[in-house]
Amino acid sequence: MRTFLYCEAGFVEKPQWQPNSWINVECPDASDLNYLIQDLQIPESFLKDISDTDERPRIETEGNWLLTIMRVPMPNGHTGTDTPYTTVPIGVLTNNDIIVTICYYQTEVLADFIRYSQRKEIKVRNKLDLILRLLHSSAVWFLKYLKQMQIDVKRAEQELERSIRNEELLNLMKLQSTMVYFNTSIQGNHVVTNRLKNIFSDTDYLDKDLYEDVMIEHEQAYSTVKIHSDILTGTMDAFASIISNNVGTIMKRMTSLSIILMLPTLIASFYGMNVDIHIDRFPYAFTFIVIASFCLSGLAFFIFKKIKWF
């Protein structure tokens, strides 16, 4: 699906393309791809690069076209991975007065950016402004999803405190994997932002204040994801130690119980042998043996209780 957006007091949708407007293409179908290749003459190799889910953030040129790939976060569900959140590439292609963004997934980042530009009546002066503002928006959404992930971590911790189950540990592992994806994507976007500054440093396109805002937002997102990742790693290690300790405690109790039950069995085995036991004519022999067995078991229990094996 493609939409034509023109910046007036924020971006507003237009029925057709006009110079210096923004063409936003999400989840492109065959008609959209044909329009991009045949009408706009976008290199087909660029479209293949953007369609790769694992494509890293980078900048590339071919002819007059400049390709900027950034990664943005989104809830998982369509990328085939098990993590609750993931990152996908968005390509921004510019050529003189043509600006095109292409994403093969439906994300909240672009729609939210358009609404935000309308609400704040943002004026986008040129193509670099649009790219920097999209990078800024991606950093904001990384922070939003990190807050949600922290809530998920707290919920999993509460469940683990009540009952240590594999499901909660697996959820924490998935969240930890998401942190790695976020960390890698934020660093890649940061590198792209620096590259854009170097490319446009000698032109009138670069808005230094906007560039500084983007860098600050990226640094905050990077610090936040690093802190959350360290906390999550510590939590995983703590619960791994708790599980190991619980297993050791259970094994001690099982061993103690086996020894306690083994003593009556041992006595019964001795007196069950086909040999002279010297008390076979004693009228209370059976009662004596049972009482002795219970006494030995009780003594073993007292000893294990003393050394805190129970």
CG-CD distance between L175 and Q150, expressed to the nearest 0.5 angstrom = 9.5 Å

Report yes if the side chains of M149 and F182 come closer than 4.5 Å at any heavy-atom pair, otherwise no.
-> yes

Gap between atom OG of S201 and atom CG of L196 - 0.5 Å precision | 11.0 Å

Cluster question for you: counting only ILVMFWY and a side-chain heavy-atom cut-off of under 4.5 Å, with indirect links fine, are V140 and L146 together?
-> no

Parallel under 30°, tilted from 30 to 60°, perpendicular over 60°: which one fits the rings of Y85 and Y145?
-> tilted

Sequence neighbours excluded, which residues qualify as side chain to side chain contact (heavy atoms under 4.5 Å, CB included) partners of I151?
-> Q148, R155

Report yes if the distance between the aromatic ring centroids of F46 and W65 is under 6.0 Å, otherwise no.
-> no

Salt-bridged, K48 to D52, with N to O below 4.0 Å?
-> no

Non-hydrogen side-chain atoms of P57 and N189 separated by less than 4.5 Å | yes

Closest heavy-atom pair, L33 versus P28, reported as atoms and distance to 0.1 Å, is CD2-CB, 4.1 Å

Do side-chain atoms of D32 reach the backbone of M1 as a donor and acceptor pair under 3.5 angstrom?
-> yes

Nearest non-hydrogen partners of I260 and A300, listed with the distance | CG1-CB, 4.0 Å

In terms of heavy-atom contacts, does CE of M173 have more than 12 from other residues, nucleotides or ligands at under 6.0 Å?
-> no

Could you go through the side-chain contact (heavy atoms from CB on, under 4.5 Å) check for I114 and L5 one step at a time?
-> CA-CA 9 Å; I114 294 169; L5 301 157; 3.6 Å; yes

Nearest heavy-atom pair of T193 and M215: which atoms, and what distance?
-> CG2-SD, 3.6 Å

For residues 206-213, which side-chain donor-acceptor pairs fall under 3.5 Å, sequence neighbours excluded?
unit_1: D207; atom_1: OD1; unit_2: D209; atom_2: N; d: 3.1
unit_1: D207; atom_1: OD1; unit_2: L210; atom_2: N; d: 3.4
unit_1: Y211; atom_1: OH; unit_2: N194; atom_2: OD1; d: 2.9

Is there side-chain contact between M70 and L134, with at least one heavy-atom pair below 4.5 Å?
-> yes

In short, side chain to side chain donor-acceptor pair (under 3.5 Å) pairs touching residues 128-137 with sequence neighbours left out are R125-D129

Parallel, tilted or perpendicular for F200 and Y205, by the 30°/60° rule?
-> perpendicular

Is a donor on one side and an acceptor on the other found under 3.5 Å between the side chain of E217 and the backbone of A139?
-> no

So do E26 and T107 actually touch side chain to side chain, heavy atoms under 4.5 Å?
-> yes

Minimal non-hydrogen separation, M74 against V88, with atom names = SD-CG1, 3.5 Å

Side-chain contact, heavy-atom cut-off 4.5 Å: H218 with V214?
-> yes

Looking only at heavy atoms, the pair that brings S185 and T87 closest together is OG-OG1, 3.0 Å

Find out if a path of hydrophobic residues (ILVMFWY) with successive side-chain heavy-atom gaps under 4.5 Å connects F142 to V180.
-> no

Check the hydrophobic clustering (I, L, V, M, F, W, Y; side-chain heavy atoms under 4.5 Å; chains of links allowed) and say if I102 and L40 are grouped together.
-> yes

Linking I/L/V/M/F/W/Y whenever any side-chain heavy atoms sit under 4.5 Å apart, do I37 and I50 land together?
-> yes

Apply side-chain contact (heavy atoms from CB on, under 4.5 Å) to E62 and S45, showing your working.
-> CA-CA 10 Å; E62 183 172 327; S45 60; 3.4 Å; yes

Should V92 and T94 count as side-chain neighbours, where that means a heavy-atom distance under 4.5 Å?
-> yes

Would you kindly say whether T53 and Y104 are connected by a side-chain donor-acceptor distance under 3.5 Å?
-> no

Going by an N to O cut-off under 4.0 Å, is there a salt bridge joining E121 and K123?
-> no

Okay, side chain of S297, backbone of F294: is any donor-acceptor separation there less than 3.5 Å?
-> no

Between the CZ atom in R195 and the CD1 atom in I59, the distance rounded to the nearest 0.5 Å is 5.0 Å

Is it possible for you to say whether Y6 and Y116 belong to one hydrophobic cluster, with membership spreading through side-chain heavy-atom contacts below 4.5 Å?
-> no

Walk me through it: do N126 and I99 pass the test side-chain contact (heavy atoms from CB on, under 4.5 Å)?
-> CA-CA 9 Å; N126 51 57; I99 303 174; over 6 Å; no

Would you say L36 and V100 make side-chain contact, with heavy atoms under 4.5 Å?
-> yes

Going by atom types only, do Q176 and T233 share a side-chain donor-acceptor pair under 3.5 Å?
-> yes

Going by the side chain to side chain contact (heavy atoms under 4.5 Å, CB included) test, name the single residue among L67, V25, I42 that passes it with L47.
-> I42

Are more than 12 heavy atoms from other residues, nucleotides or ligands located less than 6.0 Å from atom CG of D204?
-> no

Could you tell me whether Y35 atom OH has more than 12 heavy atoms of other residues or ligands within 6.0 Å of it?
-> yes

Which distance, rounded to the nearest 0.5 Å, do you find between the CG of L263 and the CG of L299?
-> 8.5 Å

Heavy-atom side-chain proximity of L130 to L132 below 4.5 angstrom | no

Value for CZ (F4) from CH2 (W22), rounded to nearest 0.5 Å, stands at 13.5 Å

Rounded to the nearest 0.5 angstrom, the OG1-CD1 distance for T224 and I186 is 8.0 Å

For C103 against P89, the heavy-atom pair lying closest together | SG-O, 3.7 Å

When you check the side-chain N and O atoms of T101 and N24, is any donor under 3.5 Å from an acceptor?
-> yes

Any chance NZ of K144 has more than 12 other-residue heavy atoms, nucleotides or ligands included, within less than 6.0 Å?
-> yes

